[in-house]
Amino acid sequence: MTDWTWKYAGYDPAEERLRESLCTLGNGYFATRGAVPECAADDVHYPGTYVAGCYNRLISDVAGRRVENEDMVNLPNWLPLRFRLHSGEEAGAWLSPETTTLLDHSQTLHFSSGLLERRTRYADEEGRRLAVRQLRLVHMGDPHLAVLRTEFTAENFSGVLEAEASLDGGVTNAGVPRYHDLAADHLTHVHTGTADPDAVWLRCRTRTSDIRVALAARLTVSGDVTSEATPLKAVQRTLLQLEPGCTATIDKTIALHTSRDPAISDPLRAALDRVHAAADFDELLETHINAWDQLWRRAELDVPGEAGSILRLHLFHVLQTLSPHTAELDVGVPARGLHGEAYRGHVFWDELFVLPYLNLHFPEVSRALLRYRHRRLEQACAAARSIGRRGALYPWQSGSDGREETQELHLNPRSGRWLPDHSRLQRHVGSAIAFNVWQYCEASGDVEFLHTKGAEMLLQIARFWADSATYDESLGRHRIRGVVGPDEYHDAYPGASSPGLDDNAYTNVTAAWVLARTLDVLKALPAPRRQELVERTGLDGGELELWEDVSRTLHVPFHDDVISQFDGYGDLLELDWEGYRKRYGDIRRLDRILEAEDDTANRYQASKQADVLMLGYLFSPTELREVFKRLGYGLDEAIWRRTVDYYLRRTSHGSTLSGLVHGWVLARARRSEAWKYCLEALQGDVADLQGGTTGEGIHLGAMAGTLDFVQRGLPGLETRSGALWLDPAPLPELSSYGFALRYRGHWGLQVRLERETLNISLPASDRSPVDVRLPDRVICVQPGETCRLLLSG
């Protein structure tokens with residue numbers, strides 16, 4: 001490994017799914033998994049190509065019920081390129097890692113150039129040795145193009161090699177084993193054809209969403225090419241004469257369009273025109289590298305050692321999923337990237353961990369992702385009305401149109417049982433959206449968005465929280481009942497006939513924060529805009545008075561002088577943690593273990609992931625104390641430390657986000673243990689700590705969250721009140737590193753920590769200074785100036 005490459009040596013079928021996910025190439029419009037092109041989908045390999053926002057809905061019969069699911073669609077496979085050697089007039093078997101002796105095999109992901117390089121040496125039954133080198137790119141400059149270059153070198157023989165390239169429309173969504181009982185045949189009306197001897201095409205539609213998809217492929221080779229259209233495949237073949245030590249090359253260039261693309265009339269015509277006009281491999285590589293150079297300049301990151309290598313891998317995959325091309329699309333943040341079919345490609349609250357990083361590098365992408373939510377505001381308001389509430393109820397899982405996509409049943413692989421899924425009661429997703437609106441506007445200075453679309457979303461989310469709160473005279477406080485918190489293990493009280501919990505602390509505190517911030521925004525709105533908003537939404541003064549009251553009186557439960565995860569959490573049973581670790585080893589998915597034992601996590605003080613401690617992730621210590629103070633509670637350092645200690649002992653970390661949040665919180669509360677959790681967050685996908693899940697798609701929120709941990713967590717960086725706030729807490733294991741920021745129009749703002757020194761500089765090309773506030777001083781960084789500050793004072 002180096003800072004700029006990620007390499008796998010050797011071939012291990014058990015590791016292929018993981019490698020395919022982590023070697024995915026994409027450009028924000030589409031992505032293709034890093035599968036070996038000569039292998040079809042099977043138990044080992046899973047080539048998959050996904051276009052952002054391309055969903056389809058199917059109905060399945062599961063456990064005696066008809067269940068409807070919307071999935072991100074696995075599109076026709078453009079990768080296939082297989083080859084075989086001829087012996088005289090006879091063609092040998094197709095070569096593949098499973099059927100042929102492998103002498104060497106490696107895959108190298110080149111971050112700087114966005115290239116996947118694969119090298120394999122085969123030896124056939126006759127002892128002929130064939131070296132294969134492939135270079136693959138999904139073009140970052142032109143989001144509709146991809147290229148596969150394959151170089152064949154005969155090491156010890158002369159002979160004929162036959163190569164067959166194809167576009168394969170016979171694909172289904174089959175990348176997640178636990179979904180195998182669900183309908184997966186999303187494509188229909190597959191047609192293929194030949195455009196000329198060098199080009200073929202394939203077109204199809206999604207079954208219910210009726211998205212038209214078209215691919216065109218061009219084969220560039222020194223020999224003749226023959227083309228054939230079969231019912232599900234468009235095939236091209238060529239014969240190459242190989243000589244010892246000489247290399248023969250095949251370039252396969254493809255173009256991909258869908259009917260969701262702007263400025264086209266027909267996807268097939270657009271794909272054919274684009275593939276015919278595409279430059280040769282060398283020119284495409286040059287423009288592709290130029291596009292990546294621009295991204296790396298905007299996301300400059302300098303972290304030493306293994307942590308730096310993993311962070312660069314994380315950044316690479318964030319940029320491939322959410323690039324500047326994404327700013328042109330109507331899409332959200334897919335929780336598992338464009339890298340696989342887990343979570344069905346849905347949009348969760350993971351944007352809470354993604355946008356804070358993007359805000360300070362690619363604010364135009366953050367704005368586009370927030371516009372995805374705004375376009376679905378009407379659907380969210382309809383969802384609130386359906387349960388008798390005002391305002392906006394955003395779905396826990398969102399897809400194409402913003403309706404609730406959370407499954408009604410989920411499979412426990414340990415017990416084989418399909419169980420009711422109540423995770424749609426995680427209504428705190430609305431607070432995450434409001435938080436992202438606020439953070440984006442603070443970081444970018446985008447007043448126009450805040451005063452228009454942002455204000456509308458904030459208002460309707462605040463309205464929902466105020467209407468969800470009921471007044472309890474015995475407490476003298478408002479309560480929010482019947483919800484599920486971030487923990488997810490707990491979805492009901494033990495023995496209860498209906499799901500939902502009361503007064504989840506995270507839900508109530510963030511709801512209070514949303515109400516307070518929305519009131520601030522409404523007060524700051526220009527009078528004409530405020531009048532328009534009031535008229536459009538029917539806002540009245542009585543509502544504002546209610547919001548003010550609820551924002552100060554929401555109930556936050558406590559027990560044993562710590563914040564309770566929800567009302568009654570302290571009354572639950574203690575779990576025998578050591579006993580379960582001895583019996584099962586990995587207990588991250590403790591909920592599945594308990595259910596397979598005919599028990600339930602609802603009975604125990606055991607959390608899947610950070611819940612209460614999420615408050616320490618969202619808010620700085622000062623801001624969190626202010627929120628609790630507004631609610632009428634004291635939250636001193638001792639209470640918070642006891643709360644942190646309490647939940648550290650009772651969390652199984654069944655989510656890749658959990659280690660990230662705990663590392664973030666401990667960096668502030670108790671640095672000696674923070675690095676353990678930081679390492680878990682860094683290793684989550686590369687070591688597949690969740691036991692096979694990375695092969696189904698990366699965990700984008702955790703990847704972006706580790707980047708943000710370096711960018712905001714350790715430096716204590718906040719964007720508020722028109723200034724950058726810094727309160728560094730470097731860890732001994734990561735005390736020297738640097739990064740660039742884009743803040744309110746300032747390009748190339750550099751921040752560097754060198755143990756006890758903080759350096760901040762602005763390029764001379766900037767035209768205005770930046771105010772930086774530290775706990776004990778305020779500095780004004782001038783263009784062309786570097787401020788060097790001793791953190792000890």
Side-chain angles (χ1 to χ4, degrees), residues 327 329-333 347-356 358-359 363-387 389-404 426-469 507 510-526 529-539 543-544 546-547 550-551 618 719:
L329 307 175
D330 176 33
V331 298
V333 176
V347 176
F348 292 69
W349 72 325
D350 296 61
E351 65 204 60
L352 183 65
F353 303 87
V354 176
L355 264 65
L358 295 177
N359 291 341
E364 74 278 18
V365 179
S366 291
R367 180 183 172 110
L369 297 171
L370 291 171
R371 291 191 67 190
Y372 166 88
R373 293 296 194 178
H374 182 262
R375 292 187 186 99
R376 288 149 184 81
L377 180 59
E378 183 178 346
Q379 182 73 254
C381 291
R385 289 194 297 272
S386 72
I387 63 169
R389 306 270 176 83
R390 303 183 70 188
L393 170 57
Y394 277 96
W396 178 238
Q397 296 185 33
S398 180
S400 58
D401 62 10
R403 77 181 79 174
E404 179 61 79
Q426 292 190 75
R427 291 170 178 163
H428 58 82
V429 64
S431 293
I433 294 167
F435 184 85
N436 276 330
V437 168
W438 183 262
Q439 289 290 321
Y440 161 72
C441 295
E442 285 282 348
S444 66
D446 191 346
V447 176
E448 187 273 335
F449 185 86
L450 180 63
H451 287 178
T452 54
K453 296 175 175 63
E456 290 179 35
M457 286 190 282
L458 288 170
L459 184 151
Q460 296 292 7
I461 294 167
R463 175 177 270 168
F464 176 79
W465 284 132
D467 204 42
S468 297
T507 300
T510 56
W513 180 89
V514 171
L515 288 161
R517 291 291 76 75
T518 305
L519 289 168
D520 291 341
V521 170
L522 292 174
K523 291 174 185 175
L525 281 178
R529 174 57 193 154
R530 179 185 172 91
Q531 182 178 354
E532 291 173 2
L533 189 61
V534 167
E535 291 172 351
R536 182 181 303 174
T537 60
L539 184 68
E543 274 193 274
L544 297 183
L546 175 63
W547 295 5
V550 173
S551 74
L618 290 189
T719 54

Centroid separation H428 to W396 less than 6.0 Å: yes
Salt bridge flag under 4.0 Å for residues R529 and E532: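 E532 and R529: salt-bridged.
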Within 6.0 Å of CD in E378, more than 12 heavy atoms from elsewhere: no
If you measure from [atom1] on [X] to [atom2] on [Y], what distance do you get to the nearest 0.5 Å?
| X | Y | atom1 | atom2 | result |
| --- | --- | --- | --- | --- |
| T719 | Y440 | OG1 | OH | 12.0 Å |
| L539 | L544 | CG | CG | 4.5 Å |
| I461 | R463 | CD1 | CZ | 12.5 Å |
| L533 | H451 | CG | NE2 | 11.0 Å |
| F353 | L618 | CZ | CG | 7.5 Å |
| D520 | L515 | CG | CG | 11.0 Å |

As a quick check of understanding, evaluate side chain to side chain contact (heavy atoms under 4.5 Å, CB included) for V514 and F464, giving each step before the final call. CA-CA 10 Å; V514 171; F464 176 79; over 6 Å; no
Please step through side chain to side chain contact (heavy atoms under 4.5 Å, CB included) for the pair Y394 and L377, ending with a clear verdict. CA-CA 8 Å; Y394 277 96; L377 180 59; 3.5 Å; yes
Keeping [X] on the side-chain end and [Y] on the backbone end, is there a donor-acceptor pair under 3.5 Å?
| X | Y | result |
| --- | --- | --- |
| N359 | A443 | no |
| N436 | L355 | no |
| R376 | Y372 | yes |
| R367 | D446 | no |

Provide the closest heavy-atom pair for [X] versus [Y] in the form atom of the first, atom of the second, distance.
| X | Y | value |
| --- | --- | --- |
| A516 | S551 | N-CB, 4.2 Å |
| Q397 | E404 | N-OE2, 3.1 Å |
| G391 | A384 | O-CB, 3.2 Å |
| L358 | S366 | CB-OG, 3.3 Å |
| R389 | S468 | NH1-OG, 2.9 Å |

Checking side-chain polar atoms at under 3.5 Å, does W465 have a donor or acceptor matched by the opposite partner on S431?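 Yes - a donor-acceptor pair under 3.5 Å links their side chains.
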Any side-chain donor paired with an acceptor under 3.5 Å for Q460 and E456?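 No - no donor-acceptor pair under 3.5 Å links their side chains.
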In the structure I gave you, are the side-chain heavy atoms of R373 and S398 within less than 4.5 Å of one another anywhere?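 R373 reaches S398 side chain to side chain.
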Heavy-atom check, side chain of D330 versus side chain of R375, under 4.5 Å: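 Heavy-atom side-chain distance check passes, below 4.5 Å.
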Kindly indicate, with the supporting measurements, whether the criterion side chain to side chain contact (heavy atoms under 4.5 Å, CB included) is fulfilled by L458 and L450. CA-CA 9 Å; L458 288 170; L450 180 63; 4.2 Å; yes
Could you note down all residue pairs passing salt bridge (charged side-chain N to carboxylate O under 4.0 Å, His left out) where residues 426-443 supplies at least one of them, sequence neighbours left out?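 Checked against salt bridge (charged side-chain N to carboxylate O under 4.0 Å, His left out) - neighbours excluded - the pairs reaching residues 426-443 are E442-R744.
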